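The next block holds one structure in the form of structure tokens; read it before the comments.
Remember, predicted model here, so these are calculated numbers, not experimental data.
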Amino acid sequence: MNRFLPGSAMGRLISTLCLLLTAAFAFAQSPATSQIVVLHLDDTIQPVSEQYMERGIDQAARTHSDALLIDLNTPGGLLDTTRSMVSKILASPVPVIVYIAPAGSRAGSAGFFLLEAADIAAMAPATNAGASHPVVEGGTLDPIMKQKLENDTTAFLRSFASRRNRNTDAAQDAVMNSKSYTEREALHLHLIDLVAPNDRALLDTIDGRTVTRFDGTTVILHTRAAALTQVEPTLREEILGRMMDPNLAVLILVLGGLLIYLEFNSPGTIIPGALGTLLLLVALFSLNLLPVRYTAVVLLIAAFILLLLEAKFPSHGVLAGSGVIALVFGTLTLVDGPIPEMRVRLSTAIACGVAFGLITLFLVRIAILARKNKVVTGPQALLGATGVAQQPLAPSGQVLVHGELWQAESNAPVNPGEPVRVQAVRGLTLLVERIPAAHSPLD
């Protein structure tokens with residue numbers, strides 16, 4: 001029996017094996033599906049935003065993603081944080097795409113710097129960017145300091161906008177003259193690379209495009225039909241993001257202060273003091289992340305002192321009114337934010353100032369009146385009380401005072417049934433005097 005395959009069968013087997021090997025080799029050489037990490041910055045630019053973006057860049061680098069896409073919608077924010085975020089974008093190991101979206105969004109103030117720093121800058125229809133003039137809320141700068149700040153900010157913008165081959169003159173206009181551009185104007189002025197209606201259309205359009213990174217290297221983008229990995233804010237980032245609202249921070253600060261005062265007013269209750277301390281620490285942590293004006297802190301301290309003085313030395317409301325006014329101005333100017341979204345609203349300042357002032361004043365008055373009131377417990381509460389002799393007092397015997405029998409002494413004889421008044425308390429013995437019948441009050 002022939003133990004070998006016929007020649008024709010052997011040929012078919014070899015052909016099949018070759019086909020399988022060729023398919024396996026082609027599969028191994030075919031590129032894997034590209035991946036894009038997506039962030040959503042839909043808030044003011046502040047330290048929490050920087051932490052979120054840094055986490056997205058790290059994830060994109062760790063997963064070897066083709067690019068990082070930042071969907072941006074911001075009114076602006078802190079200049080120091082903006083500088084740090086721009087540095088991270090420029091140093092990102094993967095290309096960064098900043099996309100102002102959806103329709104109706106904006107990249108105001110600090111957001112314009114992030115847009116110009118990106119490898120690919122894009123905007124959705126009906127969006128705008130710009131109005132990036134630096135604002136100092138702490139007071140009016142003299143002309144030289146104002147010029148220094150403007151020159152420093154525009155030089156910072158030119159340092160990376162020119163490397164991105166973008167229109168530096170138009171970019172400077174957004175800083176020096178607070179110019180703001182629609183998506184069509186920004187595209188025409190070469191401030192952005194393209195306009196796209198959504199994320200997927202944007203990624204399909206830039207597929208195959210070669211971008212020059214900030215370090216001079218070139219990268220070909222593979223973004224068509226890419227898998228999008230959404231990076232959601234962590235619980236910590238969500239909480240801190242909420243706490244970055246100065247209005248919420250002021251409300252928590254006022255509530256914490258009231259609870260702590262309640263603890264001092266009624267020692268031993270524990271819960272108001274513990275909860276107030278916790279709220280106060282949370283508020284201070286939030287304010288530490290925000291630009292706080294220390295003159296406002298002095299106003300808040302002065303307001304509290306004025307309210308205490310009004311309760312101690314009544315001035316027909318003059319001290320209290322001054323305290324409430326100082327409280328309102330202190331809370332209104334507490335946060336030195338560069339944009340309205342990072343400042344305390346007038347309604348919040350008035351509500352907190354007036355409510356805190358009135359409640360504090362009410363509690364202080366109650367405390368002082370309580371200290372002035374006559375003692376109504378213990379032996380001292382018997383002073384001036386009236387009673388009835390139960391035995392002859394010559395000079396000692398028993399009397400009935402407030403429904404209780406007490407051993408009493410009198411300097412003058414007192415017959416049973418006659419009224420007496422307590423003059424002093426000596427240990428467990430009352431020193432009493434007889435009340436004449438014409439002036440005898442009922443006990």
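Applying the salt bridge (Lys or Arg N to Asp or Glu O under 4.0 Å) test to E433 and every residue at least two apart in sequence or in another chain returns R421.
R164 pairs with exactly one of D119, T212, D193 by the side chain to side chain donor-acceptor pair (under 3.5 Å) rule, that one being D119. Exactly one residue among L194, T205, L69 makes a side chain to side chain contact (heavy atoms under 4.5 Å, CB included) with I120. That residue is L194.
Although no hydrogens or angles enter the test, the distance criterion places no donor-acceptor pair under 3.5 Å between the side chain of S410 and the main chain of P395. E150 places no side-chain N or O within 3.5 Å of a backbone atom of Q147 that could act as its donor or acceptor partner. With hydrogens and angles disregarded, no donor-acceptor distance shorter than 3.5 Å links the side chain of N177 to the backbone of K179.
For R242, the CZ atom is loosely surrounded, since the number of other residues' heavy atoms within 6.0 Å does not exceed 12. Annotation for F329: atom CZ does not count as buried by contact number, only 12 or fewer foreign heavy atoms lying within 6.0 Å.
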Stepwise side-chain contact (heavy atoms from CB on, under 4.5 Å) check, T182 with T127
CA-CA 6 Å; T182 66; T127 57; over 6 Å; no

Begin with the C-alpha distance, continue with both residues' side-chain angles, and end with the deciding distance and a verdict on side-chain hydrogen bond (donor to acceptor under 3.5 Å, both in side chains) for N247 and T348.
CA-CA 6 Å; N247 297 280; T348 303; 3.1 Å; yes

I would like to know whether M53 and I70 meet side-chain contact (heavy atoms from CB on, under 4.5 Å); could you show each step before the answer?
CA-CA 8 Å; M53 191 191 75; I70 301 177; 4.0 Å; yes

Residue pair H40, E232: steps toward the side-chain hydrogen bond (donor to acceptor under 3.5 Å, both in side chains) verdict:
CA-CA 8 Å; H40 298 276; E232 300 296 335; 5.6 Å; no

Can S84 and E50 be said to form a side-chain hydrogen bond (donor to acceptor under 3.5 Å, both in side chains), step by step?
CA-CA 8 Å; S84 181; E50 180 184 353; 2.4 Å; yes

Show, in sequence, the C-alpha distance, side-chain angles and deciding distance for M85 and L114, and conclude whether the side-chain contact (heavy atoms from CB on, under 4.5 Å) test is met.
CA-CA 7 Å; M85 293 178 72; L114 303 184; 3.8 Å; yes

Decide side-chain contact (heavy atoms from CB on, under 4.5 Å) for L253 and V282; before the verdict, give the C-alpha distance in whole Å, the side-chain angles of both, and the deciding distance to 0.1 Å.
CA-CA 8 Å; L253 180 68; V282 170; over 6 Å; no

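In this structure the side chain of V388 never reaches within 4.5 angstrom of the side chain of V399, judged on heavy atoms. By the 4.5 Å heavy-atom criterion applied to side chains, L157 and F113 are counted as neighbours. Looking only at side-chain heavy atoms (C-beta outward), L202 and I97 come within less than 4.5 Å of each other. Within the 4.5 Å cutoff, the side chain of E409 has no heavy atoms near those of the L430 side chain. Contact annotation: the side chain of D199 approaches that of D71 to within less than 4.5 Å [non-hydrogen atoms, C-beta and beyond]. By the 4.5 Å heavy-atom criterion applied to side chains, V297 and L334 are counted as neighbours. Between R426 and L431 the shortest side-chain heavy-atom distance falls below 4.5 Å.
Closest approach of I57 to S92, counting heavy atoms only: CG2-OG, 3.8 Å. Looking at every heavy atom in both residues, C352 comes nearest to L251 through SG-CD2, 3.2 Å. Taking all atoms of both residues into account, the shortest heavy-atom contact from V94 to R213 is O-NH2, 3.3 Å.
Evaluation of the side chain to side chain donor-acceptor pair (under 3.5 Å) test over residues 95-112, restricted to residues two or more places apart or in two chains, returns R106-E341.
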